[in-house]
Amino acid sequence: THHVLVDGWSMPLLMQDLMALYATRGEVSLLPRVRSYRSFLEWVTARDRESSREAWAQTFAGFEEPTLLAPQTPRHPGLQGDDRVKVELDAERLVAVSSAAARLGVTVNTLVQAAWGVLLGRLTGAEDVVFGATVSGRPADLPGVESMVGLFINTLPVRVAFDPDEPVSVFLERLQGEQAALLGHHHLGLTEIQRATSPSVAFDTLTVFESYPLDEEALAEQSASIDGMAVTGVGTHDATHYPLSLFVHLRSALEVELRYQRALFDRDQVETLVERFVRALEAMAQQP
């Protein structure tokens with residue numbers, strides 16, 4: 001049994017290398033050379049941090065109120081731990097959502113962020129909200145970054161402002177454009193972003209959109225030809241400190257998982273939130 005601590009986006013890379021090592025009986029020299037994580041740190045150091053701070057300040061110009069969903073309580077959330085509610089959109093429903101996104105020229109992740117933002121707005125009575133989003137943190141302009149193993153992920157604030165009279169298609173296009181403009185500034189840490197914006201850029205919900213490939217059946221088939229080794233299952237263990245964390249896994253189906261702290265929410269509440277999120281997601285896809 002192997003236990004490895006990395007970010008989720010590194011897992012497929014590690015699995016490939018692990019299987020290659022078993023196949024070659026530990027011959028490290030046969031593995032392809034990859035760039036060191038040091039080159040990523042050098043890339044970060046060379047960034048113009050002031051321009052990144054300005055970009056984030058412009059994004060949140062005029063933002064007035066934190067988006068806080070959890071009730072105030074003297075109980076520490078860690079005393080009761082957390083739990084989760086899962087639903088799955090089968091392949092047919094996934095195709096409907098992903099096809100709608102393609103027709104609209106946006107990503108499924110943009111649909112997810114839009115649906116979560118509108119739901120937060122309905123719950124808080126606001127039409128301008130913020131929540132956290134975990135991103136891969138791998139800059140596209142850094143050669144070899146796709147094969148590096150290390151801790152790249154970052155949590156960034158996402159602002160979703162909407163007008164009930166604005167067509168969904170226009171809303172989605174605008175949201176994707178706003179997020180795309182920040183791609184070059186994902187390296188800035190959350191604390192630094194909040195210092196560059198204002199104290200109102202605060203949130204207690206997180207979204208994580210995962211679409212990296214991890215085909216367990218293919219891994220099992222490939223390992224069957226390796227003497228003395230078999231992949232019988234792959235699992236991950238992770239946690240967040242946010243009261244509510246929305247995990248969306250894009251695989252053969254669309255898995256939606258809402259994790260919650262039991263000291264702050266009860267299961268019935270969270271099941272209702274998941275149902276409302278899925279309804280918003282599919283409604284936007286069906287009636288843009």
Side-chain angles (χ1 to χ4, degrees), residues 63 65-71 83-135 155-180 203-211 240 242-251 253-260 264-288:
F63 189 78
E65 295 290 337
T67 305
L68 303 175
L69 205 58
D83 205 341
R84 60 198 64 192
V85 171
K86 290 183 180 182
V87 298
E88 182 176 295
L89 277 64
D90 60 22
E92 182 178 350
R93 294 169 74 185
L94 169 58
V95 167
V97 171
S98 56
S99 297
R103 288 195 304 272
L104 292 166
V106 300
T107 65
V108 175
N109 187 34
T110 295
L111 270 170
V112 167
Q113 291 184 339
W116 186 247
V118 170
L119 177 56
L120 286 181
R122 291 289 184 261
L123 293 168
T124 60
E127 294 177 358
D128 193 358
V129 299
V130 62
F131 54 87
T134 299
V135 296
T155 295
L156 303 173
V158 176
R159 182 180 186 177
V160 176
F162 56 93
D163 180 344
D165 295 325
E166 183 180 37
V168 167
S169 57
V170 177
F171 167 47
L172 292 173
E173 183 179 3
R174 175 172 56 79
L175 178 60
Q176 178 150 302
E178 292 167 352
Q179 294 305 304
F203 51 87
D204 62 0
T205 67
L206 177 75
T207 61
V208 181
F209 184 81
E210 297 180 337
S211 60
T240 81
Y242 292 95
L244 277 178
S245 299
L246 176 72
F247 283 73
V248 177
H249 308 273
L250 182 58
R251 292 170 183 154
L254 191 68
E255 300 171 8
V256 178
E257 177 183 298
L258 191 53
R259 304 181 188 180
Y260 64 98
L264 302 174
F265 298 93
D266 62 48
R267 191 171 186 86
D268 289 343
Q269 285 179 302
V270 178
E271 287 177 348
T272 299
L273 288 179
V274 171
E275 291 171 1
R276 293 182 67 179
F277 166 75
V278 170
R279 187 162 66 247
L281 179 70
E282 294 189 307
M284 287 184 176
Q286 294 165 3
Q287 297 177 296

Do the side chains of K86 and E88 get close enough for a salt bridge, i.e. N-O under 4.0 angstrom? no
So L104 and Q176, side-chain contact (heavy atoms from CB on, under 4.5 Å) or not? Walk me through it. CA-CA 11 Å; L104 292 166; Q176 178 150 302; over 6 Å; no
State whether the side chain of R267 and the backbone N or O of R84 hold a donor-acceptor pair below 3.5 Å, judged by distance alone. yes
Does any part of the side chain of L120, heavy atoms only, come nearer than 4.5 Å to the side chain of L69, both counted from C-beta? yes
Quick one: does E210's side chain get under 4.5 Å of R251's, heavy atoms only? yes
For the CG atom of L119 and the OG1 atom of T124, what is their distance to the nearest 0.5 Å? 9.0 Å
For the student: nearest non-hydrogen atoms of V256 and L89, plus distance: CG2-CD1, 4.4 Å
Taking C-beta and beyond as the side chain, do D163 and F171 meet within less than 4.5 Å on heavy atoms? no
Determine, step by step, whether R174 and E178 satisfy the salt bridge (charged side-chain N to carboxylate O under 4.0 Å, His left out) criterion, reporting the C-alpha distance in whole Å, the side-chain angles of both residues, the deciding distance to 0.1 Å, and the verdict. CA-CA 6 Å; R174 175 172 56 79; E178 292 167 352; 3.3 Å; yes
Could you grab the distance from atom CD of Q179 to atom CG of N109, nearest 0.5 Å is fine? 8.5 Å
Among W116, F131, Y242, whose ring pair (Phe, Tyr, Trp, His ring centres under 6.0 Å) with F203 holds? Y242
With sequence neighbours excluded, give me every side-chain hydrogen bond (donor to acceptor under 3.5 Å, both in side chains) pair touching residues 94-104. none
Verify the neighbour count for atom CD of E255: are there more than 12 heavy atoms of other residues, nucleotides or ligands below 6.0 Å? yes
If every non-hydrogen atom of T110 is compared with every non-hydrogen atom of L172, which pair is closest and at what distance? CG2-O, 3.7 Å
Is T207 reaching over with its side chain to a backbone N or O of G132, donor-acceptor style, under 3.5 angstrom? yes
Grab the two heavy atoms, one from T240 and one from S245, that are nearest each other, plus how far apart they are. OG1-OG, 2.6 Å
Do L258 and V87 have side chains that get closer than 4.5 Å, going by heavy atoms? no
With heavy-atom distances below 4.5 Å as the criterion, would you say the side chains of L123 and L273 are in contact? yes
Please check if the side chain of Q113 supplies one atom and the backbone of V160 the other of a donor-acceptor pair under 3.5 Å. no
Student check: side-chain heavy atoms of Y260 and D83 closer than 4.5 Å: yes
Which heavy atom of A70 sits nearest a heavy atom of D204, and at what distance? N-OD2, 2.9 Å
